[in-house]
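For reference, the structure is listed below as structure tokens.
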Amino acid sequence: MKEITELLRQTIQEAGEVLREGFMSSDGSYERKDALELVTKWDMQSEQIIRERILGVFPSHAIYGEEGGGVLTDEGWLWIVDPLDGTTNFIHRHPYFCVSIGCYKDGMPVAGGVYAPISNELFLAERGGGAYKNGVKMRVSAVSELNLALFVTGYPYKREGKIERAKTLLTNALTSVQCIRRMGSAALDLCYTANGVFDIYIEFDLRPWDVAAGALILKEAGGMISLCSGEDFRLDRGEVFASNGVLHSLAIANLLMGVS
Ligand code: IPD
Ligand code: CA
Ligand code: CA
């Protein structure tokens, strides 16, 4: 376990350094993956380093990464990698972005790491071992009233057919929570919920690499994560309903009214 966590720590920090240099270089170049989805050479470089480091230590392990591909499987060791979560922020020179790596064994999370290189925030968790930010144990917030909750959400790049759902969720939130944020990195949104900054985080149309590490980090900090139905969270369903736990059922009842 120690070997895995140490590798995770070193690898996300090294990849984070690549992103930090890219961010500081002011080279705003990118390519389009799709109409609204952009990718930079630093997404690629970060994933290349991550693959080299992990396979250098564990050549038999599998990797499933946003840029390099792979297969999401419930068998054996699988490292799920988002080499740059928050690419839109990165390109627009907003510092809220990170590297995210989740390590899974037979479909179960073993360890997760998220590193935001500009703010130098390193989030790490081992299953059953708690969650830490820069070495300090984290705990979700104790907010128990919806009208005191800071709610964070996000929107997909492909929005066709999804605007009504977003509007309904936003309307529900505007009439129930204290305030709303859209930050731009799903992995960090989960870590900030784990750290008690946000109280509720809901998003649809995510990919496994967006949440593989953050889901474990949140749970290890005492938070709850589920599907919108309240059923057990699954990486392959794309939706995340995360909270400090105290607010979970209240938030499901109030924020999801009419959301389909
Ligand atoms: C995106 C971010 C964003 C979320 C998008 C993701 P990317 O990841 O996590 O917060 O709303 O759905 O695709 O493209 O920056 O790796
Ligand atoms: Ca992502
Ligand atoms: Ca990404």
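Both counts, for ligands and for their atoms, begin at 1 and track the order of listing.
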Tell me the protein heavy atom at minimum distance from atom 6 (C) of ligand 1, and give that distance in Å. Asp210 OD1, 4.0 Å
Verify salt bridge (charged side-chain N to carboxylate O under 4.0 Å, His left out) between Lys33 and Glu66, making sure each step is shown before the conclusion. CA-CA 12 Å; Lys33 280 186 179 176; Glu66 178 169 14; 3.1 Å; yes
Give the numbers and elements of all ligand 1 atoms closer than 4.0 Å to a heavy atom of Ala186. 2 (C), 9 (O), 10 (O)
Pairs of nitrogen or oxygen atoms closer than 3.5 Å, one from Asp82 and one from ligand 1: do any exist? yes
Spacing of Ile225 atom CD1 and Glu239 atom CD [to the nearest 0.5 Å]: 10.5 Å
Give a yes/no answer: is there an N/O/S atom of Glu66 under 3.0 Å from the Ca ion (ligand 3)? yes
Under a 4.0 Å threshold between the charged nitrogen and the carboxylate oxygen, would Arg127 count as salt-bridged to Glu220? no
Checking contacts here: is it the side chain or the backbone of Lys33 that comes within 4.0 Å of ligand 1, counting heavy atoms only? Could be both or neither. neither
Could you tell me whether Thr87 and ligand 1 have an N or O pair separated by under 3.5 Å? yes
Anything under 30° is parallel, anything over 60° is perpendicular, the rest tilted; go ahead and classify Phe97 against Phe90. perpendicular
Anything under 30° is parallel, anything over 60° is perpendicular, the rest tilted; go ahead and classify Phe123 against Tyr192. tilted
Examine ligand 1 and decide if any of its atoms is less than 4.0 Å from a heavy atom belonging to Met183. no
Can you pull out the closest protein heavy atom to atom 15 (O) of ligand 1? Residue, atom name and distance to 0.1 Å, please. Gly86 N, 2.7 Å
Looking only at distances, can you tell me whether any N or O atom of Pro156, backbone or side chain, sits closer than 3.5 Å to an N or O atom of ligand 1? no
Is Trp209 close enough that one of its N/O/S atoms sits under 3.0 Å from the Ca ion (ligand 3)? no
Ligand 1 atoms in contact with Glu66 (distance to a heavy atom under 4.0 Å): 16 (O)
Under a 4.0 Å N-O cut-off, is there an ion pair linking Asp82 with Arg207? no
Would Gly154 count as a polar contact of ligand 1, with the cut-off being nitrogen or oxygen pairs under 3.5 Å? no
How far is atom 13 (O) of ligand 1 from its nearest protein heavy atom, and which residue and atom is that? Tyr157 CE1, 3.5 Å
Any salt bridge linking Arg51 with Glu47? Criterion: basic side-chain nitrogen under 4.0 Å from a carboxylate oxygen. yes
Nearest heavy-atom pair of Pro83 and Ile50: which atoms, and what distance? CA-CD1, 4.2 Å
Quick check: Ser185 and ligand 1, any N/O pair under 3.5 Å apart? yes
What's the shortest distance from atom 3 (C) of ligand 1 to any protein heavy atom, and which residue and atom give it? Gly184 O, 3.6 Å
Check Asp205 with Arg159, please: is the shortest side-chain N to carboxylate O separation under 4.0 Å? no
Angle at the Ca ion (ligand 2): provide the value between OD1 of Asp85 and OD1 of Asp210, rounding to 10 degrees. 100°
closest protein heavy atom to atom 9 (O) of ligand 1 is Asp85 OD1, 2.7 Å
Let me see the working for Asp85 and Tyr96 under side chain to side chain donor-acceptor pair (under 3.5 Å), right down to the final yes or no. CA-CA 9 Å; Asp85 187 51; Tyr96 193 84; over 6 Å; no
Please write down residue, atom name and distance for the protein heavy atom closest to atom 4 (C) of ligand 1. Glu203 OE2, 3.1 Å
Is there a side-chain contact between Phe198 and Arg181 (heavy atoms, below 4.5 Å)? yes
So does Glu121 pair up with Lys133, basic N to acidic O under 4.0 Å? yes
Verify the distance test for Asp82 against the Ca ion (ligand 3): any N/O/S atom under 3.0 Å, yes or no. yes
Relative to ligand 1, is Arg207 under 4.0 angstrom through side chain, backbone, both or neither, heavy atoms considered? neither
Aromatic ring centroids of Trp77 and Tyr104 under 6.0 Å? no
Should the proximity of Leu206 to ligand 1, defined as any heavy atom under 4.0 Å, be assigned to the side chain, the backbone, both, or neither? side chain
Is it the case that ligand 1 has an N or O less than 3.5 angstrom from some N or O of Leu84? yes
